[in-house]
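One structure below.
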Amino acid sequence: MGLKHKLIRKRKQEENNDAQVPTKKILEESAVTKPKWTNRQRVLIFATRGINHRHRHLMEDLKILMPHHRPECKMERTKTLQVVNEMCEMKNCNKVILFEGRLKRDLYMWIANVPNGPTVKFLVENIYTMGELKMTGNCLKGSRPLLSFDESFVKHAHYNLLKELLMQILGVPYHHPKSQPFHDHVYMFSILDNRIWFRNFQILTEDGALAEIGPRFVLNPVKIFAGSFTGDILWDNPHYISPAKYRQSLSKKAAGKYKNRIEQKMAQEVNKPEQSYALNPTDEIFKGGILEKAIEVQEKFEVSGENEEFTKDKAKQTKKPVKPKKKVVKRKQLQKRK
């Protein structure tokens with residue numbers, strides 16, 4: 001009986017030891033493999049149907065620069081913008097960049113924070129893609145950018161909100177699985193003419209030498225909404241003019257120039273005098289030397305007189321002698337005479 005009790009105790013001790021060891025290992029592994037990727041920003045980038053080829057290349061350039069993006073197929077025109085919130089939930093994204101094209105000409109870009117908002121609508125102007133620019137700059141794919149903002153972003157409240165949105169969307173999260181752990185390019189945002197100008201530069205040296213990579217584009221803010229593609233309008237741009245109205249104004253100016261030119265011609269014809277000023281041919285005498293001019297005029301008159309006499313003599317010589325007309329006697333008169 002004593003041996004049996006000893007064997008049972010040993011088994012219990014071994015089982016207790018086996019139960020304690022994995023708990024320690026799990027604690028050590030959890031301490032070592034602590035997740036470093038705390039800023040989990042996922043941006044959904046896609047477009048609606050009807051965008052231009054240049055707009056599509058701009059979207060692809062942004063996808064290359066943003067390793068934390070998630071792609072999506074084109075959205076149909078029949079669907080409303082509120083469907084975007086459901087698409088973000090399906091893709092597990094909390095930020096959206098939506099490109100909306102109109103008339104194969106104009107490009108609008110929607111930036112939103114899903115699902116609470118806010119949402120900003122931009123008109124994208126002066127688009128130059130990486131393929132068009134062919135700049136000397138180059139950066140490693142997936143590297144994290146530095147974001148440089150103009151001082152005027154702090155002065156106004158709506159620009160401050162736009163700055164925060166752009167930082168959260170375009171900034172690559174630290175320790176993202178698809179990103180590189182160093183910085184070799186800079187995104188520069190500057191405000192000029194009530195627009196946001198975007199440039200991408202490579203950092204060549206530590207002194208601050210830069211080389212542009214691309215793409216280039218200008219964001220003209222239109223409206224800021226409180227919610228995600230819904231809600232009240234927080235800010236409306238008073239300087240914004242839609243591209244359709246701008247083109248309409250240009251055509252009106254061109255038509256106004258044509259009408260003005262025709263009116264000027266009509267006024268000139270109406271006010272045109274019937275007789276112009278009578279010029280005195282002897283006024284040329286008083287230009288330059290008086291004697292020289294007088295001699296020239298006298299020679300002209302003499303030459304013209306000689307020419308007139310010569311032409312008269314020649315006409316007399318060339319005249320043919322006139323034959324006398326024969327008298328025509330009619331038949332009745334001849335019969336009477338007989």
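Computed from a predicted structure; not experimentally measured. Along the sequence shown, the residues carry numbers beginning at 1.
Considering only heavy atoms from C-beta on, Glu125 comes within 4.5 Å of Arg195 through its side chain. The side-chain heavy atoms of Ile45 and Arg70, taken from C-beta on, include no pair separated by under 4.5 Å. With a 4.5 Å cut-off on side-chain heavy atoms, Tyr174 and Asn39 do not count as touching. Residues Val43 and Ile97 form a side-chain contact, since some pair of their non-hydrogen atoms from C-beta on lies under 4.5 Å apart. Proximity of Pro67 to Val172: side-chain heavy atoms (C-beta onward) are separated by under 4.5 Å at one or more points. For the pair Phe182/Arg144, no side-chain contact is recorded, criterion being any heavy-atom separation below 4.5 Å from C-beta on. By the 4.5 Å heavy-atom criterion applied to side chains, Ile111 and Ile169 are counted as neighbours. Leu133 is listed as a side-chain neighbour of Arg216, based on a closest heavy-atom distance under 4.5 Å.
A continuous path of Ile, Leu, Val, Met, Phe, Trp and Tyr side chains, each step under 4.5 Å between heavy atoms, connects Met167 with Leu162, placing both in one hydrophobic cluster. In the hydrophobic cluster analysis, where Ile, Leu, Val, Met, Phe, Trp and Tyr join through side-chain heavy atoms closer than 4.5 angstrom, Val120 is grouped together with Ile191. Phe225 and Leu165 fall into different hydrophobic clusters, defined by Ile, Leu, Val, Met, Phe, Trp and Tyr side-chain heavy atoms under 4.5 Å apart, directly or through other members. Cluster annotation: Met130 is connected to Met66 through the hydrophobic network of ILVMFWY side chains, with a link wherever side-chain heavy atoms come within less than 4.5 Å. The cluster map of Ile, Leu, Val, Met, Phe, Trp and Tyr, joined by side-chain heavy atoms under 4.5 Å apart, puts Trp110 and Phe122 in different clusters.
Here the CD atom belonging to Gln264 is positioned 9.0 Å from the CZ atom belonging to Arg261, to the nearest 0.5 angstrom. To the nearest 0.5 Å, atoms CD1 (Ile51) and CG (Leu107) are separated by 7.5 Å. Atom NZ of Lys252 is separated from atom NZ of Lys245 by 10.0 Å, given to the nearest 0.5 angstrom. Atom NZ of Lys79 is separated from atom CD of Glu86 by 9.0 Å, given to the nearest 0.5 angstrom. Residue Cys88 holds its SG atom at 10.0 Å from NZ of Lys95, rounded to the nearest 0.5 Å. In this structure, NZ on Lys178 lies 11.5 Å from NE2 on His68, to the nearest 0.5 angstrom.
Taking a 6.0 Å sphere around OH of Tyr258, one finds it holds 12 or fewer heavy atoms contributed by other residues, nucleotides or ligands. Heavy-atom contacts from other residues, nucleotides or ligands closer than 6.0 Å to CG of Asp232 number 12 or fewer. No more than 12 heavy-atom neighbours from other residues, nucleotides or ligands sit within 6.0 angstrom of CD1 on Ile241.
Using a cutoff of 4.0 Å between basic side-chain nitrogens and carboxylate oxygens, Lys265 and Glu263 are not scored as salt-bridged. Using a cutoff of 4.0 Å between basic side-chain nitrogens and carboxylate oxygens, Glu132 and Arg54 are scored as salt-bridged. Taking 4.0 Å as the cut-off between side-chain N and carboxylate O, Arg247 and Asp106 count as a salt-bridged pair.
In this structure, a donor-acceptor pair under 3.5 Å is present between the side chains of Glu164 and Gln168. Counting only N and O atoms by type, the side chains of Ser143 and His185 include a donor and acceptor under 3.5 Å apart. Using modelled atom types, one finds no donor on one side chain facing an acceptor on the other under 3.5 Å when comparing Asn237 with Lys223.
Put simply, the side chain of Asn113 never gets that close to the backbone of Thr119: no donor and acceptor are under 3.5 Å apart. With hydrogens and angles disregarded, a donor-acceptor distance shorter than 3.5 Å links the side chain of Arg77 to the backbone of Arg49. Side-chain atoms of Asp184 come within 3.5 Å of backbone N or O of Leu140 as a donor-acceptor pair. Of the possible polar contacts, none joining the Asn160 side chain to the His156 backbone as a donor-acceptor pair under 3.5 Å is found. The backbone N or O of Asn138 lies less than 3.5 Å from a partner atom in the side chain of Gln202, making a donor-acceptor pair.
In terms of heavy atoms, Val114 sits closest to Ser228 at CG2-OG, 3.8 Å. Heavy-atom minimum distance, Leu170 versus Tyr187: O-CE1, 3.9 Å. Taking each heavy atom of Leu44 and Pro71 in turn, the nearest pair found is CD1-O, 3.9 Å. Nearest heavy atom pair, residue Val186 against residue Asn200, reads O-OD1, 3.3 Å. For the pair Leu123 and Pro243, the tightest heavy-atom approach, listed with the atom from each and the gap, is CD2-CD, 4.1 Å. Here the shortest heavy-atom pairing between Thr129 and Leu58 reads CG2-N, 3.7 Å.
Phe149 carries Lys163 over the face of its six-membered ring, with the cationic atom under 6.0 Å from the centre and within 45° of the normal.
Between Tyr159 and Trp235, the angle of the ring planes lies from 30° to 60°, which puts this pair in the tilted group.
Centroid-to-centroid, the aromatic rings of Phe198 and Phe189 come within less than 6.0 Å. Here Tyr128 and Phe217 keep their ring centres 6.0 angstrom or further from each other.
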